[in-house]
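Sequence lines set the chain letters: A, B, ... in the order given, protein chains first and strands last, and positions in each chain run from 1. These numbers come from the heavy atoms of this one structure, side chains and all, not from hydrogens, waters or symmetry mates.
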2 protein chains.
Amino acid sequence: MSMLQTNSRPYHHGNLRQALLQAAETALEARGATMLSLRELSREVGVSHTSPRRHFADKQALLDALAQSGFQRLDAALAAAAKARARNFSVRLTNLAQAYIEFALKHPALWVLMLEAKHRPGAPRELLDASDAAFSNAPALIRTGQAEGEIVPGDPARLSLTLGAALQGLVSISTEGKFKGVPLEALVPGIVKHVLLGLRPRS
Amino acid sequence: MSMLQTNSRPYHHGNLRQALLQAAETALEARGATMLSLRELSREVGVSHTSPRRHFADKQALLDALAQSGFQRLDAALAAAAKARARNFSVRLTNLAQAYIEFALKHPALWVLMLEAKHRPGAPRELLDASDAAFSNAPALIRTGQAEGEIVPGDPARLSLTLGAALQGLVSISTEGKFKGVPLEALVPGIVKHVLLGLRPRS
DNA sequence: ACCTGAACACCGTTCAAGT
DNA sequence: ACCTGAACACCGTTCAAGT
C-alpha cells in the first residue's frame, strides 16, 4: 500500500526518466547497443514495460536522449580542459586533446552511440545542438592561438577541423584504446605536434 | 519440382551466402542496422528463415562478414588510388585521401558497421586482418614520401596515423557528408595541406 | 498526470525432420 | 550437404483501463 512508498521511489517514481537513462547507459556499456531492451530496462528500474512510453516516444528517442547527455558531458569536460591555465599554447592544445581522448575511451559504447545518433537522418535538433556545442571548444582555443601568433591566420573552424578530425579519427582507428599496442594517451602529444608542425620537413 | 530449378537459383540456391550479404547491405543502407532482420532477408532471398544458419552462425556473424567485405573493398579502392601516378607527392596524398572519403560517403551505413565491428571485443581475426590491410595503404605512401624527401623522418606508421586519423575523423565529424555546409570532398585538400605544412606559422 | 495488463505482430535461435 | 516447419522465449508498440 501507500505506506510502503518511500521518498526515493514514490508511486509516480518521480525520476523515471533519469533512472531509465542511467540504466540504459550502464546496460549500453556492459552489453552493447544491440542487446539493449526497453523491457529489460523497465524491469531493472522496477516499472511496467509500458511506462517508458511516458518519457520517450520510442526506443530511438531514449537512445537520442542518452547521446545528447553524452555530448553535454563531453562539452563540459572539454571546456574545463581548455580553461586550465598552462605555460605555452601547445600544452594547452595537448590538454584539450587528452580530455577528448579520455572521454571517448571512458565511455566507448556511448561514444559510438553519440556518433551514430548524430549521423542518423532526422536526428533531433537538440542533439545536433549539443554536438555542435561540444565541437566548438577546439575552434575557440585555435582562435586564442591565432591571437598569440602560434597559429597561422585563417578561419578557426577550418583550422581546428584538422585537429578535431585527427583526434576523432584517432579514437575510431584504434581498437580497445590502443593503436599497434600503444595507448592513445601516449600518442596524443605526437599527433598534436604533427598537426602544429606538419609532416613536411621545415627546411 | 526439379524441372522448375534454374541454373541461377538451383535447389541448394548455390549462392545463398552471397545473396544474403548483398540483401543485407542493401537493407542496411536503406533502413539502418537496427532495422535489419534475418527473417526479412531470408524472405527477400526466397529461402526459409532458418537457412542463413548454414552460412552464418548468428546475426552478428553475418554483420561481421559484411564489414569484412567492406574493408576488402576499401583496401582495393585505396590501393588503386595510391597506384595512380601523379606529378608531385602532395597530389598523390590528396588522391588517396579523396578515395578514402569517397568510400565512406558512398556507403555511410556500411561505414558505421565497419567501425563498430572492428571495435567490438571478440571481433574475428579475419575482420581485423582486413581492416589492417586497408589501413596499411597510407603508411606505404608515407614511406614513399620519405624516400622523396617530402616527409620528415620517423616511423611511417606513426606519421601516417596523423593523416589517417584526420581523414577518419573528418567523416565522423561531418553530418550527411558536409561540415558546416561544405562538402567533404572540398575540405580534403585543405586537410592534407594542413597535415603537410602544420598549423604553426613557418617563420 | 502517471502507470498497468493484455494483445499484436514481429524477432533470433534451436531442433527434429525432410531431400 | 543443404534446407524446412514448428516451437520457444523473447522483443517494441498500441490501447483500454486503473489510481
Euclidean distance, atom CZ of residue B/Arg17 to atom C1' of D/dC2 [Å, nearest integer]:
15 Å
Could you give the CD-to-P distance, from A/Glu40 to D/dC10, as a whole number of Å?
10 Å
Under 3.5 Å, is there a donor-acceptor pair between the side chain of A/Ser51 and the main chain of A/Val47?
no
Duplex segments of DNA chain D, taken as runs of at least three Watson-Crick or G-U pairs that stay under 3.5 Å
C:4-8 with D:12-16, C:12-16 with D:4-8
Measure from the side-chain N and O atoms of B/Glu29 to the backbone N and O of B/Leu110, and report whether any donor-acceptor pair falls under 3.5 Å.
yes
Between the protein and nucleotides 6-8 of chain C, list every N/O to N/O distance that falls short of 3.5 Å.
residue	atom	partner	partner atom	Å
C/dA6	N6	A/His49	NE2	3.4

Where at least one partner belongs to residues 126-136 of chain B, residue pairs that pass side-chain hydrogen bond (donor to acceptor under 3.5 Å, both in side chains), sequence neighbours excluded:
B/Lys118-B/Ser131
Is B/Arg53 paired with B/Asp58 through a side-chain N to carboxylate O contact shorter than 4.0 Å?
no
Separation of D/dA1 C1' from B/Leu16 CG (nearest whole Å)
13 Å
Close residues, residues 51-69 of chain A, relative to DNA chain C [heavy-atom separation under 4.0 Å]:
A/Ser51, A/Arg54, A/His55
Do the charged groups of B/Glu40 and B/Lys59 touch, with an N to O distance under 4.0 Å?
no
If you measure from the Lys or Arg side-chain nitrogens to the Asp or Glu carboxylate oxygens, is any gap between B/Glu148 and B/Arg92 under 4.0 Å?
yes
Just to verify, what does B/Arg73 make a side-chain hydrogen bond (donor to acceptor under 3.5 Å, both in side chains) with, not counting sequence neighbours?
B/Glu25, B/Ser69
Give one of base, sugar-phosphate or nothing for B/Leu36, where a contact means two heavy atoms less than 4.0 Å apart.
sugar-phosphate
Return yes if some donor-acceptor pair links the side-chain N/O of A/His194 with the main-chain N/O of B/Gly198 below 3.5 Å, else return no.
no
Taking ring pair (Phe, Tyr, Trp, His ring centres under 6.0 Å) as the test, write out the residues that go with B/Phe71, two or more places apart.
none
Begin with the C-alpha distance, continue with both residues' side-chain angles, and end with the deciding distance and a verdict on salt bridge (Lys or Arg N to Asp or Glu O under 4.0 Å) for B/Arg39 and B/Glu44.
CA-CA 9 Å; B/Arg39 288 173 102 112; B/Glu44 281 175 20; over 6 Å; no
Identify which nucleotide among D/dG12, D/dC11, D/dC3 has an atom closest to any side-chain atom of B/Val47, counting heavy atoms from C-beta outward.
D/dC3
Which pair of non-hydrogen atoms, one from A/Ser174 and one from A/Lys178, has the smallest distance, and what is that distance?
CB-O, 3.2 Å
Take atom CG of A/Leu38 and atom P of C/dC10, then tell me their distance rounded to the nearest Å.
19 Å
Does C/dC10 have OP1 or OP2 sitting under 4.0 Å from an N or O in the side chain of B/Arg43?
no
